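This one's a predicted model, so the numbers in the text were calculated from it and none came from an experiment.
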Amino acid sequence: MVKTTMEKDRRFELNYMVVLIVVGLSVSVVFHFIKAFVLNLNFYPHNTFLFIPAGRFHDFTDIYMATAGLDPFKFAVSVYPPFTYLVMLPFTMFKRDLAFVLMLAGFTVFAWRYVYRTVAEIDYDGRYLKTIAFLFMSYPFLFIFDRANLEAIVFMFLALFIYYYRRKEDGKSIFCLACAISMKIYPGAFLLLFLADKKYKNIFYTLSLVAGLTFLSMLVLRGGVTASYTGFIRNMAGFRNSYFLTDTGLQHNLSLFGVLRLAHGYFMPGSAFPEAVYSAAMAALFIVISLYLVFMEKELWRFVAIIVLYFLVAPQVSFDYKLMHLFIPITLFLVRDNKTKGSIFFASAFALLCVPKDYLIIRSDISVAVIINPLIILAVLSVILYQGCMENKPGFKSLRGSA
């Protein structure tokens, strides 16, 4: 009986999310069509919910050109750790246009298979149509595809990590997580899964592999370890100056930092934003979340959702292509075994994060979405943490009583 009820819940939640995503995208397309061809605002950002059309695919092609000479850090766009350029190196064997087609094709096929498996498990008869709607009509997929951003490769590594983690294939899960961490540092938060499982050797092996991949990549790149290190630090400093405290870093941004910057500029114009205070607060929040995850959270979808939502909202700059990572906790949520209080809330929030929301331009190309998305993320985080604390409340009482 419980299994039958869960199957009905999953199918309803899947259908509900698909409807929200399809309606959300359709309304946005009609909205931008009206602005462009009725109101004669046929220019960016009024005629699209994506990034400026002139920059389409540039996130990939820029890194492609930087990698081609094995001296990426002489280019300011190279703000990824060294292993990224080792991953990019095989693509440079092909002409640029063919290379980005191969990357996007590989990502698209992978994302299709990843989402398709979940949809087919819930609704086999409607698996093709619902996978198309759920994935290809979602804002995260459309945005990351439009940018051809290397976050697509990080997503693939993290999705494979969770896949092998669930299958208890430690070697493969360690390798995939190490590759993700070596491309972007924030996936290191997933080491909390190993910590919660008390698999300390897995943490050691993962970090050792990260060190090895990074060192090997530095040796391959021109100038070796010293040039790679100094170049990476220099480019990261340049990225900070260009994006952290400018409007360039606010467009299509998910970060709470952006919301606070906008509020600070409105209420305290002319004064410097306290970035150090924000960084300290996010570090403290991560410590609290880590303690909660290791000692209290027992359900995988919520564990993964907390990690993903945190690394979406916490950095100073977190562009919308990172929303693609939401498909990892979303798929886990849809195939969970246990009933969840407020499941419609979670389904609604996940779906709303997967639709464009740039209906009001605040200034330049900064839309109201940069406020709405972080607030949705914080709401989901708060509800998950509240539910977890309430579920563990009897345990706390008994511990105090036994003391």
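Although no hydrogens or angles enter the test, the distance criterion places a donor-acceptor pair under 3.5 Å between the side chain of N15 and the main chain of R11. A donor-acceptor contact shorter than 3.5 Å is absent between the side chain of S228 and the backbone of V225. No donor-acceptor pair under 3.5 Å is formed between the side chain of Y165 and the backbone N or O of I174. No donor-acceptor pair under 3.5 Å is formed between the side chain of R240 and the backbone N or O of A237. For N235 (side chain) and S78 (main-chain N/O), a donor-acceptor pair under 3.5 Å exists by modelled atom type. Between the K172 side chain and the D170 main chain, no donor and acceptor come within less than 3.5 Å of each other. Remark: side-chain polar atoms of T92 are paired, donor with acceptor, to backbone N or O of L89 under 3.5 angstrom. Between the T84 side chain and the P81 main chain, a donor and an acceptor come within less than 3.5 Å of each other. S318 places no side-chain N or O within 3.5 Å of a backbone atom of P315 that could act as its donor or acceptor partner.
Around atom CZ of F215, no more than 12 heavy atoms belonging to other residues, nucleotides or ligands sit under 6.0 Å away. Atom CE of M65 has 12 or fewer heavy atoms from other residues, nucleotides or ligands within 6.0 Å. Annotation: K201, atom NZ; neighbour count of heavy atoms from other residues, nucleotides and ligands within 6.0 Å does not exceed 12. Heavy atoms of other residues, nucleotides or ligands lying less than 6.0 angstrom from OH of Y229 number 12 at most. L291 CG: more than 12 foreign heavy atoms inside a 6.0 Å radius.
Listed by chain and number, the residues in a ring-ring contact (aromatic ring centres under 6.0 Å, His included) with F273 are F257, H264 (sequence neighbours excluded). Every side chain to side chain contact (heavy atoms under 4.5 Å, CB included) that T248 has, sequence neighbours left out, goes to Y243, T246. Contacts of A379 classified as side chain to side chain contact (heavy atoms under 4.5 Å, CB included), with partners at least two apart in sequence or in another chain: F345. For C176, the side chain to side chain contact (heavy atoms under 4.5 Å, CB included) test picks out L160, F161, Y164, with sequence neighbours left out.
The aromatic rings of F143 and H252 are tilted relative to each other, their planes meeting at an angle between 30° and 60°.
Nearest heavy atom pair, residue Y278 against residue S255, reads OH-OG, 3.6 Å. The two atoms that bring L309 and V380 nearest to each other are CD1-CG1, 3.5 Å, heavy atoms only. For G24 against P356, the heavy-atom pair with the smallest separation is O-CD, 4.3 Å. Considering all non-hydrogen atoms of both residues, N47 and A36 come closest at CB-CB, 3.9 Å. Nearest heavy-atom pair across N253 and L250 is CB-O, 3.1 Å. Nearest heavy-atom pair across L25 and M137 is CD2-O, 3.4 Å.
When each of F73, Y85, F232 is paired with Y80, the side-chain contact (heavy atoms from CB on, under 4.5 Å) condition holds for Y85 and for no other. The salt bridge (charged side-chain N to carboxylate O under 4.0 Å, His left out) with E13 is formed by just one residue from the set K130, R336, K339; it is R336. Results of the ring pair (Phe, Tyr, Trp, His ring centres under 6.0 Å) test with F327 over F134, Y116, F155 single out F134 as the only residue that passes.
Contact of the V210 side chain with the F83 side chain is not registered, since no non-hydrogen atoms from C-beta on lie closer than 4.5 Å. Side-chain atoms of V370 and V259, non-hydrogen and from C-beta on, never get closer than 4.5 Å to each other. The side-chain heavy atoms of Q251 and F51, taken from C-beta on, include a pair separated by under 4.5 Å. The shortest distance between side-chain heavy atoms of L213 and C179 falls below 4.5 Å. The shortest distance between side-chain heavy atoms of L195 and Y200 falls below 4.5 Å. With contacts defined as side-chain heavy-atom distances shorter than 4.5 Å, the pair F75/D62 does not qualify. Here the side chains of D197 and N202 are not in contact, with every heavy-atom distance at 4.5 Å or above. At a threshold of 4.5 Å between non-hydrogen side-chain atoms, the residues I361 and I366 do not count as touching.
When ring centroids are compared, F31 and F49 stay outside the 6.0 Å threshold. With ring centers used as reference points, F141 lies under 6.0 Å from F136. Residues H325 and F311 place their aromatic rings such that the two centres sit under 6.0 Å apart.
If you take CG on L221 and CG on L70, they are separated by 6.5 Å, rounding to the nearest 0.5 Å. Once rounded to the nearest 0.5 Å, the distance linking CD1 of I144 with OH of Y139 reads 11.5 Å. Atom CG of D123 is separated from atom OH of Y128 by 12.5 Å, given to the nearest 0.5 angstrom. Note that the CD1 atom of I376 and the CD1 atom of I371 stand 12.0 Å from one another [nearest 0.5 Å]. Rounding to the nearest 0.5 Å gives a distance of 5.0 Å between CG of L332 and CG of L300.
Within the structure, every pair that satisfies the side chain to side chain donor-acceptor pair (under 3.5 Å) test and touches residues 351-376, not counting sequence neighbours, is listed here: H32-D358, Y44-D365, D247-R363, K357-N373.
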request  = Run the numbers on I306 and Y292 for side chain to side chain contact (heavy atoms under 4.5 Å, CB included), then give the verdict.
outcome  = CA-CA 10 Å; I306 289 172; Y292 168 82; 3.5 Å; yes
task = Determine, step by step, whether Q387 and T340 satisfy the side chain to side chain donor-acceptor pair (under 3.5 Å) criterion, reporting the C-alpha distance in whole Å, the side-chain angles of both residues, the deciding distance to 0.1 Å, and the verdict.
result = CA-CA 10 Å; Q387 286 184 346; T340 300; over 6 Å; no
message = Test salt bridge (charged side-chain N to carboxylate O under 4.0 Å, His left out) on E391 and R302; report intermediate values, then the result.
response = CA-CA 13 Å; E391 290 169 7; R302 298 200 304 190; 2.7 Å; yes
task = Please step through side chain to side chain contact (heavy atoms under 4.5 Å, CB included) for the pair F204 and S208, ending with a clear verdict.
result = CA-CA 6 Å; F204 173 77; S208 297; 3.6 Å; yes
message = Evaluate T206 against L209 for side chain to side chain contact (heavy atoms under 4.5 Å, CB included), listing each step before the verdict.
response = CA-CA 5 Å; T206 302; L209 186 53; 5.9 Å; no
request  = Would you check, one step at a time, whether the test side chain to side chain contact (heavy atoms under 4.5 Å, CB included) holds for F303 with L192?
outcome  = CA-CA 9 Å; F303 198 117; L192 290 170; 4.1 Å; yes
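In summary, E7 and R10 do not engage in a salt bridge, as defined by a charged side-chain N under 4.0 Å from a carboxylate O.
Judged purely by distance below 3.5 Å, without hydrogens or angles, the side chains of Y163 and S173 never pair a donor atom with an acceptor atom.
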Report, one line per pair, each donor and acceptor closer than 3.5 Å where one atom sits in a side chain of residues 93-114; sequence neighbours left out.
residue : atom : partner : partner atom : Å
T108    : OG1  : L104    : O            : 2.7
Y114    : OH   : T331    : OG1          : 3.2

